[in-house]
Structures are given as C-alpha cells and as structure tokens.
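Input: a single structure, listed below in structure tokens.
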Amino acid sequence: MYKTHTCGEINEDHLGQTVVLAGWVNRRRDHGGVTFIDLRDRFGIVQIVANPEICPDVHKALSVVRSEWVIQVEGIVQKRPEGMANPHLSTGKIEVSVKHVNILNPSKTPPIYINKEEDADENIRLKYRYLDLRRERMRKNLILRHNVVKFIRDYLDERGFLEIETPILFKTTPEGARDYLVPSRVHPGEFYALPQSPQQLKQLLMVAGIERYFQIARCFRDEDQRGDRQPEFTQLDLEMSFVEREDIIQLAEDLFTQLVNKIVPEKKLFASPWPRFTYTEVMNRFGKDNPDIRFGLELVDISELVEKCGFKVFENIIADGGNVRGINAKGLGNYSRKQIEELTEYAREFGAKGLAYLAITTDGKEKSSFAKFLTPELVEKIKTRMNACPGDMLLFIAGEKDFVLESLGRLREHLGSILKLRNKDTLAFCWVVDFPFVTWNKDENRWDPSHHLFTSPMPEDIPLLDIDPGKARGQQYDLVLNGHEVGGGSIRIHDRHLQEKVFELIGLDMGVARERFGHMLEAFEYGTPPHGGIAPGIDRICMILAGEPNIREVIAFPKNQSARDVMVNAPSPAEPAQLEELHIKIIDNK
RNA sequence: GGGGACGUAGUGUAGUGGUUUAACAUGCGGCCCUGUCAAGGCCGAGAUCGCGGGUUCGAAUCCCGUCGUCCCCGCCA
C-alpha cells in the first residue's frame, strides 16, 4: 500500500506517530517559508506542513506541486499550535509534518474546479466526469447511493429475498416504451432488446418457486430525456409470491421508512404511515397522479356555485358538461395585473383559454376578472368553499374536466415553486391506488393498460371488463415522493385465461400475443402462485434524498439530454466490417 | 417532432441603446512573504466573443442560418 492511513481518519489518537499518506493536492498555501498543503483522498482532507528550516528538501519538493497533483508523503502527526485548529475539518486539530515526499503524478490545470462548489458548465463536467466525480458534491452522492443500495440489500436479505440477475439481452416488446435493439450476428435480421424492466423474468421466477426475489436492475428505455429520466436507469426490482396488495405496500413502506431513518436522518418524513390516495382522489385534489403533497393549494370544484352566475363563459362550459375549478394561491392577493398576466400566460402554455381570478387584497378588498357577475353572496360562497382569507388569490380554470384538472395541477406545481412551498428537508411519500385498469386511447381507438399488460384487475371488477372496461380498477399502486413517481407495482395476473382476456381487451391479436408472450401464457399453466411486486427507481430516490435537481447528479457516468455520453462520445459509428457481420446496412435519410 | 433559455480567456461571470485597447473574479506564470486553511501583496501571460453568412464606415452587440448545452411539451406499458 502507498499509505498507512487515509487522510480523513487522522486525529489526535495518532499524535507522534509516523504515517504515510497519499492523495491529491486539494489546495496549497505557500508563505514563502512554511508551506501548507491540504491533502485530499476519498475519506477526507488533512493539512500537511513543510518547514524549510526543518526539512529544506521537502519544502523545495513541495514548492512545485499544484492542485490535483497526486503525491505520497511520510510525516509525523503533530498537534497544531494553540489557536490554529480548524473547526471545519475533522482533522483540524492536527497536521502532518512532512519528512519525505514522493510525487506520484503531476496534473495539468484542471478544466473545472475540484475544490470549489462552483457550478461548471454541464458539458465540461460530463466530458471530464472523472474530475467532476472528485468533487465533494459528487463524492457524497456516490456514497449516498452506495448506502441506499447496501441498506436495501441487507434489508431484503434479512427477510429471505434472493438477489437474482436476469438477462440484459432480452426480447423486444413493442408495448410500452421504445426498445433499445441489439442485432444478432448469429441470426441475420433478428434482434435482442435491452429490458425496459425485468418484468416478465421476475414473474417467471415466481413461477419457478423463488417466492421472494429482488434485483438492483438496470433498465433501458429509448425515450427522450428529462431531469428525472435517463435512457438507462436502475430499479429495485422486487417480486413476491402469495401476497396481496397490502403486503407489498407494507414491505415497501417499511423498507423506505427505515432506510430514510438510517441513511438520511436529517430528513423528515412528511407523514407516517404514508398517506394513501385513490387515483380519482389525487386527480381531483392535485390534478396530477404524482402530486407533491408537501404543500396544499388543493384544487376546488366550484362548478355548481357558478353554473347560473350569469358569466357566460362559465355557464356555457358547465352546460357542455365541463367544470370550473380553482386554487387558492395563498398570499398572492396583492399580485399586480402584470403578475396575474404571467400566471395566465403560464396556464396558456398548457392550453388553458384563460385564467379567471378573484383576489382578496390584504386590506380585504376584492378584485376580480369576472367581478360584474359576482353577487356579494356568491363571492362569500366561493370564499368559504375555498377557505379564502385577506391576502389570498383565487385562480380559476374552466373547461372539460380532465383538462381543467391537468392544467390546474400544473399551475399548482408552478405556484408551489413561486411561493417556495417545497421544504427540501421533507420527504413526502404517498401511495396512489385504485388506478383505472385501462384507459381509452383516442388516437388508436382502443384500450391501453394503465400500468402494464400483466397487472391484475381488482377481482370484484373482473366482470366489468366485459361491460364497461373503463370503470374497472387495477391492482396497481404507485409510490410517489415529493412530486415524482418513484415506483410502481401491482398484483399480477397468474391465470392464463384472465391474461388472454386482458390481451384481447387491449386489442392484442391472439397470434401476436402468443408469439410475444406465449412463454408467459404457457408458464401460467404450470402451477403459478399468486404474486405481485414493485419497482422503486433507485436514481430518482437517490436524487431526492440527495436534494439534487437532476438525476444525472446521482449517476456516475450519465448520458446528456440528447442521450449521448460526451466523455467517451457514444453512440459512435461502427466499422463497416462490424456492420457487415451484423447484417446491417446504414440508410442515409438525408 | 415542437417551445423556451443559454453559448465571451482554463473556469465562473460582466459588457448587448453600434466606436472596447473586450472588463471582473478565480485559476495559471513570476517575484515578495514563517502559521495559513477560499492565506495575503505586487507584476504578468491568457479570448480570432460557438460556427457560417448578411446589414453597416464600423458588429461580442442587429438580422438570417447552423451547431452545441440545459429546461419543458409530445413521448416515457
């Protein structure tokens, strides 16, 4: 070993000892005489000191050293002089007086600052990711992620789960997200697909009698990026046999509650046990199936209050079966016309025709865009319904119900940001249950599964599949944290006939279904236990636990917005010979 | 596929009503300095203002195009 101790572990217990350390020069302070170097390794920083009167050779050797050089030093741990301790360093009471120096590797001036929390251009950070990862922020995030995964493995191991790997080279399933395809050399014109999730495989492990399975599974989806989406990401994939919805929910809730307590004790759970909402309820209250419940600003239906108010816009929409709903934007009552216009503009981006408002200024006066239709009685009714106080701003959107909910939901999120209502130290987990089993796809004129093809409907709703599929609920549950969907799961179908019925319902031709999912149908005929599971997203959860705004910050080597790895420059063209072996011809679309 | 923001020394920013010899900080180089910890002081080098074209006497600044990055919509069973 190049070192006897890590930089971070040296303390007063080592006083007088000779230690050998190795690491990076975090910072150098040259006083002409005495020179200090903050030596950094993964475990921390320790100050090393060279005095020309004591060791002139060492002092000279260290004078050429610069930031990020890798050096090895041998020296004696000594107490710092009175009043010279640094309370910001765990090693701040001591320093290492250097006797020998060995320069292991010099460094060019780095393109980004390692020793500063200055936000560098993301493109440069990604290009020099190995330097970016040296930074405190990234190091902490990697450690957090390790701790999260370690906790999960230990927790599940203690409860009898087996961690089992499943193939990365799998089979294409055009349902769902776009697949990443891998051409087969051996079978011309045929392709593997990278798994979007190990869904089918984990179910087949249940057929195999594993009963309790998990995997820290890499998943691949060829869709466009977002702040919380990467083309490859990691799920805690988990499946159990002989369980009902409640069992999985309890397990996941306990797992993550304990995980938070142990790994991020400084964070506070918003509520425990976690709130549970039905799909209908979250949509009505928050306008979003993954609501951030750290703040209120819930949506309120005032349709029946205004259906005969005389305001034609509202009246006509309600007469056509639409809705008028609002949000009480607490504390915005004194917003100027211009500021309201900005909110309106925001709502328009999502298709709202307009934004009606009723402001109650702090001195109790009312201002409204539809004032002339408002009788004092109606104003009182609306204020009561929406719990309005002086200083509040009531905002309304009218239109078709789903549209009103969605656009108000977005406005609510926006207001949450404007009003700074998201406490970053609060973790608001919640469950969303009772999703519709299928949703109508207007474009394709068919039913689509709300979750995935293997989700079981609620047993009592099975008869509805024949009569009114839109009314049936699925045994699906989503795990939501601070406004992000961080996991979803379901009780699965374990009966061939029900599975075929579902295929039929969503318009999957039986021949196609057998070709794509024949292995599942067949497996269900050999003693399949009832089973279900969940798949929490590790990256998103780590992102939120770390307080990071983007999923890239918790992934060592992420792709950029356009799905490119700018460090190695992937994807990149393949050699003609490779393509030929794979029976692939590139078509120039330009 | 669509919308928005951005692109100026190694890095982070300023300058955008047309005259700048492109500013500041930090980093880098040199000198001074024996107790700092974002050390300090002095001096210096470092930018064809993303790229291409146009308007103009004159463009970092205005116009068009293009490339790149980020955010959002669509998409994400």
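Heavy-atom basis, side chains included; hydrogens, waters and symmetry copies ignored. Predicted model, so just to flag it, every value in this text is computed and none were measured.
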>> Taking any heavy-atom pair under 4.0 Å as a contact, classify A:Asp121: base, sugar-phosphate, or nothing.
In response: sugar-phosphate
> Now, which nucleotide makes the Watson-Crick or G-U wobble pair with B:A38, with each of the two distances under 3.5 Å?
Replying inline: none
> Nearest-Å distance, CD (A:Gln225) to P (B:U69)?
Replying inline: 12 Å
>> Quick check for you: among B:G12, B:G30, B:G27, whose closest atom lies nearest to any side-chain atom of A:Arg66?
In response: B:G30
>> Give me the distance, rounded to whole Å, that separates B:G46 from B:U56 when you measure between the P atoms they each carry.
In response: 35 Å
>> Is A:Thr35 close enough to B:U36 that one of its side-chain N or O atoms is under 4.0 Å from OP1 or OP2 there?
In response: no
> Are the ring centres of A:Phe403 and A:Phe350 closer than 6.0 Å?
Replying inline: no
> With sugar-phosphate meaning primed atoms plus P, OP1 and OP2, does A:Glu117 contact a base, only sugar-phosphate, or nothing at under 4.0 Å between heavy atoms?
Replying inline: nothing
> Contact class for A:Asp448 vs. all strands (heavy atom < 4.0 Å): base, sugar-phosphate, or nothing?
Replying inline: nothing
>> Ignoring hydrogens and geometry beyond distance, is the side chain of A:Gln47 in donor-acceptor contact with the base of B:U36 at under 3.5 Å?
In response: yes
> Is the gap between the ring centers of A:His31 and A:Phe36 under 6.0 Å?
Replying inline: yes
>> Using the P atom as the point on both nucleotides, what is the distance between B:A60 and B:A47, in whole Å?
In response: 16 Å
> What nucleotide among B:C76, B:U36, B:G10 has an atom nearest to a side-chain atom of A:Pro111?
Replying inline: B:G10
> Toward the 5' end of RNA chain B, which comes first, A:Asp228 or A:Glu223, by nearest nucleotide?
Replying inline: A:Asp228
>> Whether A:Arg29 contacts B:A39 is assessed here as follows: a side-chain N or O lying under 4.0 Å from the phosphate OP1 or OP2. Is that the case?
In response: yes
> Do the side chain of A:Arg28 and the base of B:C37 come within less than 3.5 angstrom through a donor-acceptor pair of N or O atoms?
Replying inline: no
>> Looking at A:Glu342, I want to see if its CD is surrounded by more than 12 non-hydrogen atoms of other residues, nucleotides or ligands under 6.0 Å.
In response: yes
> Looking for any heavy atom pair under 4.0 Å, which part of the strands does A:Gly92 touch: base, sugar-phosphate only, or nothing?
Replying inline: nothing
> If we take the C1' atom in both B:C62 and B:C28, what is their distance in whole Å?
Replying inline: 36 Å
>> Give me the distance, rounded to whole Å, that separates B:C76 from B:A59 when you measure between the P atoms they each carry.
In response: 50 Å
>> Going by purine N1 to pyrimidine N3 plus the second Watson-Crick contact, or the G-U wobble pair, all under 3.5 Å, which nucleotide sits opposite B:A5?
In response: B:U69
>> Measuring from the side chain of A:Met84 (C-beta onward, heavy atoms only), which nucleotide among B:C37, B:U69, B:C71 has the closest atom?
In response: B:C37
> To the side chain of A:Asp224, which of B:G1, B:C37, B:U69 is closest?
Replying inline: B:G1
> Can you tell me how far P of B:U11 sits from CG of A:Asn115, to the nearest Å?
Replying inline: 16 Å
> Taking the side chain of A:Arg27 as heavy atoms from C-beta outward, which of B:A38, B:C70, B:C28 is closest to it?
Replying inline: B:A38
>> Any N or O donor-acceptor pair under 3.5 Å from the base of B:U11 to the side chain of A:Arg125?
In response: no
>> On the side chain of A:Gln561, is there an atom forming a donor-acceptor pair with the base of B:G68 - under 3.5 Å, no angle test?
In response: no
> So what does A:Pro81 hit on the nucleic acid, given a heavy-atom distance under 4.0 Å: a base, only sugar-phosphate, or nothing?
Replying inline: base
> To the nearest angstrom, how far is A:Phe350 atom CZ from B:G3 atom P?
Replying inline: 16 Å
>> Side chain of A:His31, heavy atoms from C-beta onward: which of B:U36, B:C76, B:C70 has the nearest atom to it?
In response: B:U36
> Does A:Arg410 or A:Gln78 map to a spot on RNA chain B nearer the 5' end, using the closest nucleotide for each?
Replying inline: A:Gln78
> What is the nucleic acid contact for A:Lys116, judged by heavy atoms within less than 4.0 Å: base, sugar-phosphate only, or nothing?
Replying inline: sugar-phosphate
>> Taking B:G44 as the reference, what is the distance to B:C49 when you measure between their C1' atoms (whole Å, please)?
In response: 23 Å
> If only side-chain N and O atoms of A:Arg135 are considered, is one of them under 4.0 Å from the OP1 or OP2 phosphate oxygen of B:U11?
Replying inline: no
>> Is it the case that the ring center of A:Phe517 lies less than 6.0 angstrom away from the ring center of A:Phe454?
In response: yes
>> Ring centres under 6.0 Å, that's the criterion: do A:Tyr192 and A:Phe170 meet it?
In response: no
> Given B:G35, B:U26, B:G68, which nucleotide is nearest the side-chain atoms of A:Asn123?
Replying inline: B:G68
> Where do A:Gln225 and A:Ser562 land on the side-chain hydrogen bond (donor to acceptor under 3.5 Å, both in side chains) test, with the steps shown first?
Replying inline: CA-CA 7 Å; A:Gln225 310 305 291; A:Ser562 45; over 6 Å; no
>> Rounded to whole Å, please give me the gap between CG in A:Asp30 and P in B:C37.
In response: 14 Å
> Considering only the P atoms, how many Å lie between B:C24 and B:A45, rounded to the nearest integer?
Replying inline: 13 Å
>> With a 3.5 Å cut-off and heavy atoms only, can you find an N or O donor on one side and an acceptor on the other between the side chain of A:Arg226 and the base of B:G74?
In response: yes
> Rounding to a whole Å, what distance do you find between A:Glu345:CD and B:G4:P?
Replying inline: 12 Å
> Starting at CG of A:Asp132 and ending at C1' of B:U69, how long is that distance when rounded to a whole Å?
Replying inline: 15 Å
>> Check this one for me: any side-chain N or O of A:Asn560 less than 4.0 Å away from OP1 or OP2 of B:U69?
In response: yes
> Considering Watson-Crick and G-U wobble pairs with both distances under 3.5 Å, what does B:C24 pair with?
Replying inline: B:G12
> Quick one: does A:Asn105's side chain have a donor or acceptor within less than 3.5 Å of a partner on A:Val70's backbone?
Replying inline: no
> Roughly, in whole Å, what's the span from OH in A:Tyr113 to C1' in B:A25?
Replying inline: 8 Å
> What is the nucleic acid contact for A:Ser562, judged by heavy atoms within less than 4.0 Å: base, sugar-phosphate only, or nothing?
Replying inline: sugar-phosphate
> With rounding to whole Å, what would you report as the distance between B:U69 and B:G17 at their P atoms?
Replying inline: 29 Å
> Rounded to whole angstroms, how far apart are CD1 on A:Ile124 and P on B:C6?
Replying inline: 18 Å
> Is there a donor and acceptor pair, one atom on the side chain of A:Arg229 and one on the base of B:C76, closer than 3.5 Å?
Replying inline: yes
> Do A:Tyr128 and B:G10 have a side chain to base donor-acceptor pair shorter than 3.5 Å?
Replying inline: no
> Does A:Arg412 make a cation-pi contact with A:Phe295, if we ask for NZ or CZ under 6.0 Å from the ring centre and within 45° of the axis?
Replying inline: yes
> Looking for any heavy atom pair under 4.0 Å, which part of the strands does A:Ala85 touch: base, sugar-phosphate only, or nothing?
Replying inline: base
> Given the P atoms of B:G10 and B:C51, what is the spacing between them in whole Å?
Replying inline: 13 Å
>> Checking A:Asn141 against A:Glu548 for the side-chain hydrogen bond (donor to acceptor under 3.5 Å, both in side chains) test, could you report, in this order, the C-alpha distance in whole Å, the side-chain angles of both residues, the deciding distance, and whether it holds?
In response: CA-CA 9 Å; A:Asn141 289 349; A:Glu548 289 289 0; 2.8 Å; yes
> Strictly under 6.0 Å, is that where the ring centroids of A:Trp440 and A:Trp447 end up?
Replying inline: yes
